[in-house]
Amino acid sequence: MAFGKGHHLSLIDGSAFIFRAFHALPPLTRKSDGLPVGAVSGFVNMLWKLVEENKGPDAPTHVAVVFDKGSHTFRNDLYDQYKANRDEMPEDLRPQIPLTREATRAFNIACLEQEGFEADDIIATLACRAREAGGRVTIISSDKDLMQLVGDGVEMFDAMKNVRIGREGVEAKFGVGPERVVDVQALAGDSVDNIPGAPGIGVKTAALLINEYGDLETLLERAEEIKQPKRRQTLIENADQIRLSKRLVTLDSDMELDYGLDSLEVQEPVAEDLLGFLTEMEFRTITRRVAEALGAEVPVIEAPEAEQGEDAGDEAEEVPFDASAYEIIRDADALAGWIAEARARGWVAVDTETTGLNEMTADLVGVSLSVEPGEAAYLPLTHRAATSDDLFGSDELAEGQLALDEALDLLKPLLADPSVMKIGQNMKYDAKIFARYGVAVTPIDDTMLMSYAMHAGLHGHGMDQLSERYLGHHPIEIKTLLGTGKGQITFDRVPIDEAAKYAAEDADVTLRLWKAFKPRLHRARVTTVYETLERPLVPVLAEMEMAGIKVDKGTLSRMSNAFAQKMAALEDEIQELAGEKFNVGSPAQVGDILFEKMGLPGGKKGKTGKYSTPADVLEDLATEHDLPARVLDWRQLQKLKSTYTDALQDHINPDTGRVHTSYSIAGANTGRLASTDPNLQNIPVRTEEGRRIREAFVATDGHRLVSLDYSQIELRILAHIAGIDALKQAFAEGQDIHAATASEMFGVPLDQMTPDVRRQAKAINFGVIYGISGWGLARNLRIPRDEAQGFIDRYFERFPGIRAYMDDTVARAKETGYVETLFGRRINTPEINAKGPTAGFAKRAAINAPIQGTAADIIRRAMIRMPDAIAKLPATMLLQVHDELLFEVEEGAVDDLIGAARAVMEEASLPAVKLDVPLVVDAGQGANWAEAH
DNA sequence: TGATTCACG
DNA sequence: GACGTACGTGAATCAG
């Protein structure tokens with residue numbers, strides 16, 4: 001029967017898929033010989049999924065996989081720069097290209113390609129013919145270049161994200177319908193394919209213009225009418241280039257093909273061929289699944305003798321993701337059922353959905369649970385009812401939700417049950433939300449922290465990223481539910497059905513990650529790090545963040561006003577000096593004034609072609625001129641006002657009157673914490689004016705703030721790790737370490753030390769921790785480079801262990817791909833074998849990481865022990881600033897707290913590591929942070 | 001959104 | 001031999 005009405009053609013964009021699969025999926029190699037097969041695996045799984053899913057009435061009747069062939073197409077004849085900036089194909093992908101053709105044939109699916117054409121042209125030609133014949137078409141691709149084909153029975157399907165793209169999807173992407181997509185592309189151009197387009201015009205502007213003028217030709221003819229002078233000029237000047245761009249992006253939908261649509265009819269795979277191929281590739285899971293589905297015997301794939309490496313051999317039972325399998329919990333019985341499932345296993349993955357990202361203010365909207373891969377449920381609690389007036393929505397609760405109190409009463413015993421592990425991704429967030437509803441969550445496992453312990457330095461540890469990388473699955477993005485920018489809605493406004501798919505998937509993903517990571521943690525030998533430095537820190541930080549610190553709004557507000565006045569005066573003075581009005585806050589304009597108008601020396605241009613005006617450059621100029629000096633003053637005030645006195649006021653929680661930061665545990669590669677919203681780890685202290693901001697951080701009535709900080713902890717660690725006897729001895733004797741260094745280097749007796757010599761030694765000491773270079777030290781000390789290099793040479797001569805430590809560390813990193821702290825924390829160094837300037841960066845980072853990381857581990861250990869150590873004191877731990885802990889304590893207990901906390905901090909490395917140097921902790925106390933520090 | 005600048009350890 | 005570099009962070013602002 002000829003292809004026609006009622007038929008459904010599925011066209012798979014094979015080339016695009018394998019490129020995407022290669023980059024999105026974890027690298028996988030064939031065990032017997034190490035052949036890279038990750039992209040092939042992703043491709044095979046996608047094909048099988050289509051075969052499996054397409055058995056319903058809507059199934060394709062015809063199917064083909066289409067590939068690019070050759071690198072020279074008719075587009076290169078039109079424009080020799082077409083796709084000219086494409087990178088070389090990655091080495092590991094090259095051998096997989098022919099394998100994907102083989103896979104297609106093994107599936108008994110037509111495999112199409114044609115010299116001189118791109119896959120997109122073949123797809124366009126076939127899609128148009130099928131449409132003309134009255135059939136339907138699904139293009140399996142997310143390539144925007146194919147979106148021009150959508151409409152009239154043609155739609156696209158993104159197989160990796162599992163989303164359909166119809167007319168609305170195209171409009172969302174391009175701002176115009178499919179018919180006008182090429183017009184927009186012609187204007188906007190494309191840096192990936194090297195389509196020139198119109199300079200300075202992006203998709204947004206292009207859509208605006210096309211919608212206003214109807215189509216590209218009309219627009220170009222009537223370009224004179226455009227109001228914006230820059231746009232008008234661009235379009236007039238580049239008309240030819242734009243028309244060329246249009247020809248480049250327009251697909252050839254009328255190719256000559258020596259086969260017809262009928263030849264693409266779906267055929268059952270031949271079990272022998274398909275299983276033969278899969279066995280050859282050594283894909284265990286899919287081979288078994290295919291064999292079972294085809295009713296064939298499961299072929300045996302020899303297990304490789306010894307499993308090597310930490311990622312080997314834990315190929316979990318793969319259960320496909322299936323949103324339709326997720327349950328919505330609407331009554332107490334159903335919830336009780338899931339709780340029983342969790343208890344039966346001893347674990348459950350938990351994820352909360354809320355109205356915002358700030359745990360202190362966001363409200364609980366729903367909870368999702370998962371107990372096995374693919375088995376997950378969503379418990380909606382406070383979703384709002386939809387109304388006809390969709391501008392504001394309703395404040396009424398949607399129907400079919402269990403009452404919040406009732407649900408929490410049922411969940412509470414489970415979440416606190418010591419025999420059930422609660423698994424989460426960034427559990428600190430969920431635990432804090434639950435805590436506000438009086439529900440404790442313990443014990444916990446956290447997939448984000450598991451990843452951090454194993455993969456610090458390799459990639460981020462967000463759920464989407466981990467899912468893509470380790471599960472090969474792209475989870476639904478939250479923005480598809482909430483939108484972005486101004487029109488963004490909160491999660492309680494998302495319809496329950498839609499919310500459930502997203503939320504349950506998150507719990508499902510978390511559970512799968514947990515199952516994948518558990519065994520790997522052990523193999524990577526970071527279980528101890530995870531168990532002693534990551535997991536126990538979660539409740540400690542949650543407590544600190546919820547405690548917050550009292551900030552006096554009046555003090556900040558007064559300072560803001562004072563800064564504003566001074567800035568206004570400075571601004572007048574600066575413009576007076578410059579002889580013109582300009583934006584003092586614009587580095588580019590400051591640069592023009594200094595280096596063009598005034599003709600001062602030292603102007604360097606950055607990537608953007610603008611003068612760069614960092615503080616050190618301005619400082620040099622300030623010795624001779626007033627203007628740069630005033631600009632520096634202005635900038636300091638601007639910084640203090642905008643980042644601190646203004647912004648901090650907005651962070652004061654109206655309920656508590658306190659500022660609640662959030663610490664990210666897995667943010668910094670070295671093991672340090674990072675503080676956000678607001679960042680309380682960079683409150684000014686170095687200048688007198690800035691330090692006064694700390695006066696606004698106060699203790700409540702009858703209390704004091706107490707600050708304890710490690711003295712020179714990184715240098716002490718360096719002395720220990722590198723085994724520098726002279727440094728160790730100086731620390732043991734309690735000497736001024738920078739003065740001692742200077743004395744050792746320059747032969748000046750301690751009692752004759754000058755501040756300047758000491759300052760230079762201090763800079764060198766810091767430089768060593770950062771992976772010193774002559775250039776860097778010269779810049780820091782403002783001395784000639786050869787002089788700086790002389791200092792370094794002498795330093796290495798006097799402390800030969802330092803050189804050895806640096807060389808060993810870099811060598812180890814090159815060999816293993818990571819460095820470690822004294823406590824076994826692993827920091828991966830993927831760029832250590834890079835070439836060019838990157839190599840320098842990577843080396844210095846590798847030298848610094850064990851030092852900075854060990855210090856971070858030590859204060860983590862202290863923090864974890866602190867709650868027990870101060871349990872009997874009327875004191876609360878509030879903040880951590882890398883080597884400092886800040887407490888709030890009742891007036892009468894200050895000395896007791898200092899004694900207890902100092903002991904914990906000074907002994908924090910024990911018993912795991914006995915340092916060759918003493919750790920010394922300095923303490924201070926006062927009514928505010930300025931006094932306490 | 002990326003580049004600049006600057007606050008901290 | 002030139003190149004371009006101190007380590008680790010987060011936030012505000014400008015400008016396209």
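All chains are named by letter (A, B, ...) in the order of the sequence lines, taking the proteins before the strands, and each is independently numbered beginning at 1. Predicted model only: the values in this text are computed from it and were never measured.
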Novice: Report the distance from atom CG of A:L637 to atom C1' of B:dT5, rounded to the nearest whole Å.
Specialist: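 In whole Å, B:dT5 C1' and A:L637 CG are 15 Å from each other.
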
Novice: Do the ring centers of A:F799 and A:Y795 come within less than 6.0 Å of each other?
Specialist: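 Yes, ring centres under 6.0 Å apart.
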
Novice: What are the residues of residues 710-720 of chain A, sorted by number, that bring a heavy atom to within less than 4.0 Å of DNA chain B?
Specialist: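 Result for residues 710-720 of chain A: none.
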
Novice: Provide the distance between the two P atoms, one in B:dT4 and one in C:dG4, to the nearest whole Å.
Specialist: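 Taking atom P in both B:dT4 and C:dG4, they lie 14 Å apart.
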
Novice: Tell me whether the side-chain N/O atoms of A:R686 come closer than 4.0 Å to OP1 or OP2 in B:dA7.
Specialist: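 No, no such contact exists.
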
Novice: Between A:D633 and A:K566 (salt bridge meaning N to carboxylate O under 4.0 Å), is one present in this structure?
Specialist: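 No.
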
Novice: Counting primed atoms plus P, OP1 and OP2 as sugar-phosphate and everything else as base, spell out the protein contacts along nucleotides 2-7 of chain C at 4.0 Å heavy-atom distance: B, S or - for each nucleotide, 5' to 3'.
Specialist: --BBBB

Novice: Quick one: label A:A615 by what it contacts on the DNA or RNA (base, sugar-phosphate, nothing), any heavy atom closer than 4.0 Å.
Specialist: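 Result for A:A615 = sugar-phosphate.
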
Novice: Salt bridge check, A:K597 against A:E580: does any charged N sit closer than 4.0 Å to a carboxylate O?
Specialist: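 Salt bridge present between A:E580 and A:K597.
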
Novice: Please confirm whether the shortest side-chain N or O distance from A:T613 to OP1 or OP2 of B:dT5 is below 4.0 Å.
Specialist: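 Affirmative; the distance criterion is met.
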
Novice: Which whole-number value in Å describes the distance from A:D709 CG to B:dG9 C1'?
Specialist: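 A:D709 atom CG is separated from B:dG9 atom C1' by 10 Å.
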
Novice: I need the CG-C1' distance between A:L618 and B:dT4, as an integer number of Å.
Specialist: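 A:L618 atom CG is separated from B:dT4 atom C1' by 13 Å.
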
Novice: Rounded to the Å, how far apart are A:Q880 CD and B:dC8 P?
Specialist: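 Rounded to the whole Å, the gap is 17 Å.
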
Novice: For A:E689 and B:dC8, what is the distance between atoms CD and P respectively, to the nearest whole Å?
Specialist: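 After rounding, the gap between these two atoms is 13 Å.
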
Novice: Can you tell whether the side chains of A:R860 and A:E534 come within less than 4.0 Å, N to carboxylate O?
Specialist: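 Counted as a salt bridge, because a side-chain N and a carboxylate O are separated by less than 4.0 Å.
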
Novice: Using a cut-off of 4.0 Å on non-hydrogen atoms, how would the nucleic acid contact of A:E884 be classed: base, sugar-phosphate, or nothing?
Specialist: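 No contact.
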
Novice: How many Å lie between CZ on A:R694 and C1' on B:dG9, as a whole number?
Specialist: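 Roughly 10 Å, once rounded to whole Å.
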
Novice: For the P atoms, the ones on B:dA7 and on C:dC3, what distance do you get once it is rounded to whole angstrom?
Specialist: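 Each nucleotide's P atom is 32 Å from the other's.
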
Novice: Return the orientation label for the A:H461 and A:H455 ring planes: parallel under 30°, perpendicular over 60°, tilted otherwise.
Specialist: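 It falls in the parallel class, under 30°.
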
Novice: Could you tell me whether A:R635 contacts a base, only the sugar-phosphate backbone, or nothing, with contacts defined as non-hydrogen atoms closer than 4.0 Å?
Specialist: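 The residue A:R635 makes sugar-phosphate contact but no base contact.
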
Novice: Looking at B:dT5, B:dG9, B:dT4, which one has an atom nearest to any side-chain atom of A:H933?
Specialist: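 That would be B:dG9.
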
Novice: Is any side-chain heavy atom of A:L648 less than 4.5 Å from a side-chain heavy atom of A:P678?
Specialist: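 A side-chain contact exists here, since the closest heavy-atom pair is under 4.5 Å.
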
Novice: Would a distance-only check, ignoring hydrogens and angles, find a side-chain to backbone donor-acceptor pair under 3.5 Å from A:D883 to A:A856?
Specialist: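 Not at all, since once roles are kept as given, no pair shorter than 3.5 Å links the two residues.
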
Novice: In this structure, how many angstroms lie between the P atom of B:dA7 and the NZ atom of A:K641, rounded?
Specialist: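 Taking atom P of B:dA7 as the reference, NZ of A:K641 is at 16 Å.
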
Novice: Is any side-chain N of the basic residue among A:E545 and A:K432 closer than 4.0 Å to the acidic one's carboxylate O?
Specialist: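 Salt bridge flag = yes for A:K432 with A:E545.
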
Novice: Mark up nucleotides 11-16 of chain C, 5' to 3', with B wherever a protein heavy atom is under 4.0 angstrom from a base atom, S wherever such an atom reaches only the sugar-phosphate, and - elsewhere.
Specialist: BSSSSS

Novice: Is C:dC3 paired to anything, Watson-Crick or G-U wobble with both distances less than 3.5 Å, and if yes, which nucleotide?
Specialist: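 Across all strands, not a single nucleotide pairs with C:dC3.
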
Novice: Regarding A:S560 and A:D646, do their side chains bring together a donor and an acceptor under 3.5 Å, going by distance alone?
Specialist: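 Judged by distance alone, the side chains do pair up.
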
Novice: What distance separates A:L618 CG from A:R635 CZ, expressed to the nearest 0.5 Å?
Specialist: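 Interatomic distance, A:L618 CG to A:R635 CZ, rounded to 0.5 Å: 5.5 Å.
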
Novice: So, A:E695 and A:R692, do they make that salt bridge, N to O below 4.0 Å?
Specialist: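 A:R692 and A:E695: salt-bridged.
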
Novice: Do other residues, nucleotides or ligands put more than 12 heavy atoms under 6.0 Å from A:K173 NZ?
Specialist: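 No - once you tally the heavy atoms of other residues, nucleotides and ligands closer than 6.0 Å, there are 12 at most.
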
Novice: What's the CG-P distance between A:D883 and C:dT9, to the nearest Å?
Specialist: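 Between P of C:dT9 and CG of A:D883: 16 Å.
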
